[in-house]
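Written below as structure tokens is the structure these notes are about.
Numbers restart at 1 for each chain; the letters A, B, ... are given by sequence-line order, proteins then strands. Note: hydrogens, waters and symmetry copies are ignored here, and every other heavy atom, side chains too, is used.
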Amino acid sequence: MRLARANILSRFWGNLGVITLSSPSIAIVGSGPSGCYLAQYLRKAFPDSRISIFERDPVPYGLLRFGVAPDHIGTKAIAQQFERLFKRDGVEFIGNMEIGKDKSLRELRNEFDIVVIATGLNEDRSLGISGEYLEGIYSAGRITRLLNSHPNENSEGILVGSNIAIIGQGNVAIDLLRLSLLDSEELRSFGVTRKISDLMGKQDSKTISVIGRSPIEKAKFDITMIKEISKFSNVKFTSDIDYTKIIDEDSKQRSEAINFLVTHSPTNAKRIVNFYFGWSTLSFFGSNRVAGVDLVSKQKKMRISVDTVYTAIGFQEAKSASIKKSEHTSGKFDLDRGFLDDGLYCVGWFRRGPVGTIPVSRADAKHVSDAICSDYYSKMQGKVEIR
Amino acid sequence: MSKNVVILFGTESGNAEFAAEDMAAVITDRKVQVFDMSDFSSENFESTNLYILICSTHGEGDLPSGAVPLYESMKSLKPDLSDIEYAIFGLGDSSYENYSRGSEHFDALLTSLGASRIGEYGRHDAQTGTLPNECAVTWTQEIIAQS
């Protein structure tokens, strides 16, 4: 740790002799992976700074706690790194405090030398098509919050049937597929409440259609996520991939991962998973509750009967977000460095949009931490006291 | 005289770095340095040091991105490491294929360049829901006692 600081100092001053520095006070808004990784880097750079993390939820870790699937316990364990920030490294956690609502950003900026927005993007992107508000259609964010026992999420009105469509083929969609194949007891073993595990864990007979707009070569899932699904031996998998059209190496690997599931599954099973690639969702239909989904691929149309839909097509800024990006991206901002204004920065999904896994957030936090340190030291350069 | 220790970590999510810091903290009887593999060059190996590598596994049994440049440069420059001793600890998740494979790439390369491994091959399985720290610290103490 001391080494990291010394490196930064020598980079900026060379051999100026012994110097003393004031340590900037730092507030981070949001305690998800980006906010916590940033706190780790800034703590190493400024061992004596007051660093506080503000969080609107009562508990820390954001999407690591409420977005990561409960059965991905290896990923969940990263929270144990962050615990040390609060337990040993003197970073302060202030929960139940929404900046922009409970306390203004202006006030926070007056209190702290440096403020960093790490609030992410936490509203499910909507499809914007007809029938979207029928009963039985649920967003991935809501479902993963329920699976992870979010204190402000409730299961009111949720009824999971046996004929499910998952719209989207990113990693969140594949999470929902995998979690939909776990029985209630397995879900409970990963900490899911009895109520939610009973809702999602019925496994007597089930058909799940996983529908993506992209063709297989552009499907968003990571191949490891598909390989993980192969642990379910009593599920019949099908896909509509046209193998004659697969040419390049990456799409070959993607289609082979799906094909492995298909060829290694039994011909008959009570549970069936159908992968549909290259189909745009046109509309949902039904009188009160969703009864089906209309799809289109090039000139072809297809109708699938379903009683439950999960939408997992990504995240966006909530209309009700208390800190909006557009309010901070005028003037001298430089998003490449996470710079919004003097003493105001941003990191993570707020900075670069809703893409990238947890390791990407770590690299992002490093990048923004370097920018913060470099700005701080150039600002302090005129004020350094040399003994 | 016992060798100084250089701990090299290769990480994606920070777990290997986090464990490396705890490993360094329990080595009290000799000089110890910790480097991110991305800040370490293949010409830096010195026979007066014992190298302890801790490396995670990324994607399909691949190296974490921070470890790739060092691996690639060792592979192409082929430094003679016949007087180098190392110990290695791998991170992985047994629910995936290619469990703990990331570190094995380094082990194979170091061996092929003549370096000799000491002690048990350390492993931590993320499927336990724990971080590697505790297990890596115990393992480090055993390695240090043997070296």
Top of Ala77(A), Pro33(A), Ala363(A), Gly74(A) for chain B proximity - count of heavy-atom pairs under 4.5 angstrom: Ala77(A)

Leading residue by heavy atom contact count with chain B [cutoff under 4.5 Å; candidates Asp222(A), Val360(A), Ile223(A), Thr357(A)]: Ile223(A)

Side chains of Arg362(A) and Thr11(B) in contact at under 4.5 Å (non-hydrogen atoms): yes

Part of Asn133(B) within contact of chain A (heavy atom distance under 4.5 Å):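 Side chain only.
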
More than 12 heavy atoms of other residues, nucleotides or ligands under 6.0 Å from [atom1] of [X]: yes or no?
| X | atom1 | answer |
| --- | --- | --- |
| Lys220(A) | NZ | no |
| Glu185(A) | CD | no |
| Arg194(A) | CZ | no |

Rounded distance [0.5 Å steps], OH in Tyr96(B) versus CE in Met225(A): 6.5 Å

Spacing of Thr75(A) atom OG1 and Asp93(B) atom CG [to the nearest 0.5 Å]: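 The CG atom of Asp93(B) is 7.5 Å from OG1 of Thr75(A), to the nearest 0.5 Å.
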
Side chains of residues 80-87 of chain A: which donor-acceptor pairs under 3.5 Å do they make with residues two or more places apart or in other chains?
unit_1	atom_1	unit_2	atom_2	d
Gln80(A)	OE1	Leu131(B)	N	3.4
Gln80(A)	NE2	Gly129(B)	O	3.0
Gln81(A)	OE1	Gln40(A)	NE2	2.9
Gln81(A)	NE2	Ser13(B)	O	3.1
Gln81(A)	NE2	Asn15(B)	OD1	2.5
Arg84(A)	NH1	Asp22(B)	OD1	2.8
Arg84(A)	NH2	Asp22(B)	OD1	3.4
Arg84(A)	NH2	Asp22(B)	OD2	2.7

Proximal component of Lys227(A), with respect to chain B [non-hydrogen, under 4.5 Å]: side chain

Selection residues 347-361 of chain A - residue pairs positive for salt bridge (Lys or Arg N to Asp or Glu O under 4.0 Å), sequence neighbours left out: Arg351(A)-Asp364(A), Arg352(A)-Asp364(A)

